[in-house]
Amino acid sequence: MTTSRPRAWWKTGVGLVLTGLMLFPVYWMVNVSFTRDRDLRATPPHLLPTDGTWDGYRAVIDQQLPYLGTSFVVGLGTVALTVALAAPAGYALAKLRPPGGRALSFVLLIAQMIPGIIMAMGFYASYLTLGILNTLPGLILADSTLAVPFAVLIFTAFMYGIPDELLQAAVIDGAGRLRTFWSVVLPVSRNSVVTVSLFAFLWSWSDFIFASTLVGGGDHQPITLGIYHYIGNNNQQWNAIMATAVVASIPAAILLILAQRYVSMGVTAGAVKD
Amino acid sequence: MTPPTRTRRWPAWAFLAPVTGYLVAFYAYPLYRNVELSLREYTVRSFVQGGAPFAGLDNYRTVLSDPTFWPTLAHTLVFTGGSLAFQFTFGMALALFFHQHFPLSRTLRALILVPWLLPLIVSASTWSWLLNSDSGLVNAALGVVGIEPVHWLTSPGWSLASVTIANIWIGIPFNLVVLYSGLQAIPAEVYEASALDGATGWQRFWSITLPLLRPVSAITLLLGLIYTLKVFDIIWIMTKGGPTGSSATLAIWSYRLSFGNLLPEFGPGAAIGNLLIVMALVAGLLYIRLERRQHLR
């Protein structure tokens, strides 16, 4: 960069202001989560949590832990199912080039465009017949549809870059397709497995529509429903609601810290290839 | 050593079989079920036990002649159009700004992704509280400049604008990231040549950046359209489509019919869902065509 130093730092200042504006609602969520009950309706609202309280977080621990646990289990289940389905498919599409592979990629692209409300209605009807409404495996299956098409596309793009020589070497060593996949392709694709897992977890963790239609009447409800009921029943205690929201945002924060560069890749995966 | 083609092809589909079966069971079947729901007259009993009479296009006629159909369609268009226009404009401005590479630009660009990564219920409830009539920060800020409090979420005149604002905020990061990657693909020599010609920054934007970015912009807008048509969570959590349906879109109406009433109307609900699918698919096919054409270049 040839720009002179002071000018560049001036831009950093503007960048900080813009980022601050964009993230202000997030700051406000954190601020309200620490606000005392009696200050919640203060005019003007307190801009800083100077007389902060942990009461909101105590309420989370007292009331929301089961919801968080359910979300965690559903998230892990979604990750396992998604990787198990999508990694072999990505390998086949990238390296084995079967007839009909292009058509399948096309179907996957279309599948991502179906509105969630329609999927939910179809699932509801089937689950009712199958008797798996209000069960965790049912929710895991439904949540995985948020991630599987994306995951196949990511794996295909990633595994496409594995050098053919590497795979041929494995074949010469006498490895079959399955062994090649398991002991060469998967270890080499570790980064894509991480990316897919993080997104699958995040989407399942954030899901509201499948949760509210498919497990809304059950004993095991995820954190999104926890917050939703909270808003419905208890609309005075916004510090507790916002504390729950902060806790529910932790996976997103972890994703951003651990996998910053993959996040942009994930966002653009469907839009701009190469 | 080389295996015959037949054994070569078979294992490829063995790797694809799980995902193919999955697509049939969890995409094709729900879609089929949805079409079937929309063509029959379901009651709660026949929904469980089967045997609902075939109703042809009755559900679609019911929906189209419902007095709420046209307002709801209009809300959907306003919500979608407003979201896309502002998300794209802000996203483009931020992408151009961050493309200049300054100290910390990478970190700040990553931080701006936060709204896109947060669970929608988190964003929606945060905005609900920001826009709360009595205790919200937005009304407090307006009060400082002497503007009367606005009933953002509880007055029919403002509810649609409020959910659109929240949705714009959520969508800006996506537009930023995609447009930014489009900007990076423009070779620096193009700008260098125009700098020799003495073009100003604004001229460069209109005569070089924007035309070269047209394919990426079209893709961004189409993907945005597909995502925005689907939006359900934000509106449902903030206003439930109310008051009196003033912020209801097609997705909200469909959900309300099927799940929001004590007496569900699955048939009409599914019919609206299918109308939504058709709209999303038209956009989707356009997107795929554009994408292909860009690859051929």
Side-chain angles (χ1 to χ4, degrees), chain A residues 1 8-9 11-12 15 19 22-23 25-26 28-29 32 40-41 43-45 85 88-89 91-92 96 98 104 107 109-111 113-119 121-123 125-126 128 145 152 177 206 208-209 213 224 227-228 231 238 241 245 248-249 252 255-256 260 263-264 267-268 271-272, chain B residues 9 11-13 15-16 18-19 22-23 26-27 30-31 33-34 37 48 100-105 108 110-114 117-122 125-127 129-130 135 137 140 174 177-178 181-182 216 219-220 223 226 229-230 232-233 251 254-255 258-259 270 273 276-277 280 284 288:
Chain A
M1 282 272 88
W9 281 103
K11 281 182 185 159
T12 304
T19 312
M22 264 307 276
L23 296 190
V26 180
W28 198 246
M29 163 176 83
V32 173
L40 276 174
R41 301 203 173 254
T43 22
L85 283 165
Y91 168 57
L96 308 177
L104 188 70
V107 170
L109 217 56
I110 293 281
M113 295 166 183
I114 303 169
I117 171 82
I118 284 133
M119 300 289 289
M121 226 179 293
F123 278 128
S126 316
L128 199 66
T145 61
V152 177
R177 294 254 190 254
S206 312
F208 171 73
I209 190 162
T213 48
T224 46
I227 298 178
Y228 185 65
I231 301 173
W238 275 85
I241 297 173
S249 308
L255 186 88
L256 199 64
Q260 206 194 92
V263 171
S264 304
V267 176
T268 47
V272 189
Chain B
R9 278 183 179 181
W13 272 99
F15 282 98
L16 287 176
V19 112
Y22 176 85
L23 282 172
F26 296 107
Y27 283 92
L31 276 181
R33 203 46 230 253
N34 213 58
L37 274 174
V48 180
Q100 299 175 322
H101 301 290
F102 45 84
L104 285 181
S105 66
L108 293 179
L111 278 174
I112 286 193
L113 287 177
V114 166
L117 291 170
L118 289 181
L120 289 174
I121 184 127
V122 168
S125 45
T126 303
W127 277 99
W129 186 240
L130 276 167
S135 320
L137 183 69
F174 170 78
V177 169
V178 180
S181 68
V216 176
I219 284 169
T220 314
L223 280 180
I226 293 163
L229 282 175
K230 293 206 278 194
F232 160 78
D233 312 41
S254 170
Y255 182 88
S258 302
F259 300 107
L276 258 183
I277 285 205
I288 286 166

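In what follows, every chain begins at residue 1, and chains take the letters A, B, ... in the order their sequences are listed. Excluded from the calculations below are hydrogen atoms, water molecules and symmetry mates; all remaining heavy atoms, backbone and side chain alike, are included. This one's a predicted model, so the numbers in the text were calculated from it and none came from an experiment.
For the atom pair B:I121 CD1 and A:I231 CD1, the distance stands at 5.0 Å (nearest 0.5 Å). One distance of note links CG of B:L104 with NZ of A:K11; it measures 14.0 Å at 0.5 Å rounding. Atom-to-atom distance recorded for B:I226:CD1 and A:M113:CE is 4.0 Å, nearest 0.5 angstrom. Once rounded to the nearest 0.5 Å, the distance linking CG of B:N34 with CD1 of A:I118 reads 6.0 Å. Here the CG-CZ distance, from B:L120 to A:F208, works out to 10.0 Å after rounding to the nearest 0.5 Å.
Considering only heavy-atom pairs separated by less than 4.5 Å from chain B, the leading option among A:P88, A:G122, A:G15 is A:P88. Ranked by heavy-atom pairs shorter than 4.5 Å toward chain A, the options B:G284, B:S105, B:A280 are led by B:G284. Ranking A:A92, A:P25, A:A89, A:A252 against chain B, the residue ahead of the rest is A:P25, based on heavy-atom pairs under 4.5 Å. When the candidates A:T145, A:L40, A:I110, A:T224 are compared by the number of heavy-atom contacts under 4.5 Å with chain B, A:T145 comes out ahead.
Across all non-hydrogen atoms, the minimal contact from A:I114 to B:K230 is O-CD, 3.6 Å. Of all heavy-atom pairs spanning B:S125 and A:W238, the tightest one is O-CZ3, 3.3 Å. Nearest heavy atoms, B:P119 versus A:A248: CG-O, 3.6 Å. Across all non-hydrogen atoms, the minimal contact from B:R33 to A:S126 is CG-OG, 4.5 Å. Contact record, B:L23 with A:A111: CD2-CB, 4.4 Å, taken as the closest heavy-atom pair. The shortest non-hydrogen separation linking A:P45 to B:S135 is CG-O, 4.4 Å.
Looking at A:Y91, the atoms closer than 4.5 Å to chain B (heavy atoms on both sides) all sit in the side chain, from C-beta outward. Using a 4.5 Å cut-off between heavy atoms, A:L85 touches chain B through backbone and side chain atoms alike. In this structure, chain A has heavy atoms under 4.5 Å from both the backbone and the side chain of B:F26. The part of A:I117 that comes within reach of chain B is its side chain, from C-beta onward, which places non-hydrogen atoms under 4.5 angstrom from that chain.
A heavy-atom distance below 4.5 Å is found between the side chains of A:V32 and B:W129. Put simply, the side chain of A:L96 does not reach to within 4.5 Å of the side chain of B:L16, judged on heavy atoms. Looking only at side-chain heavy atoms (C-beta outward), A:P115 and B:I277 come within less than 4.5 Å of each other. Taking 4.5 Å as the limit, some side-chain heavy atom of A:M121 sits within range of a side-chain heavy atom of B:F259. Counting only heavy atoms from C-beta outward, the side chains of A:T213 and B:Y255 approach each other to under 4.5 Å. Contact of the A:V26 side chain with the B:T126 side chain is not registered, since no non-hydrogen atoms from C-beta on lie closer than 4.5 Å.
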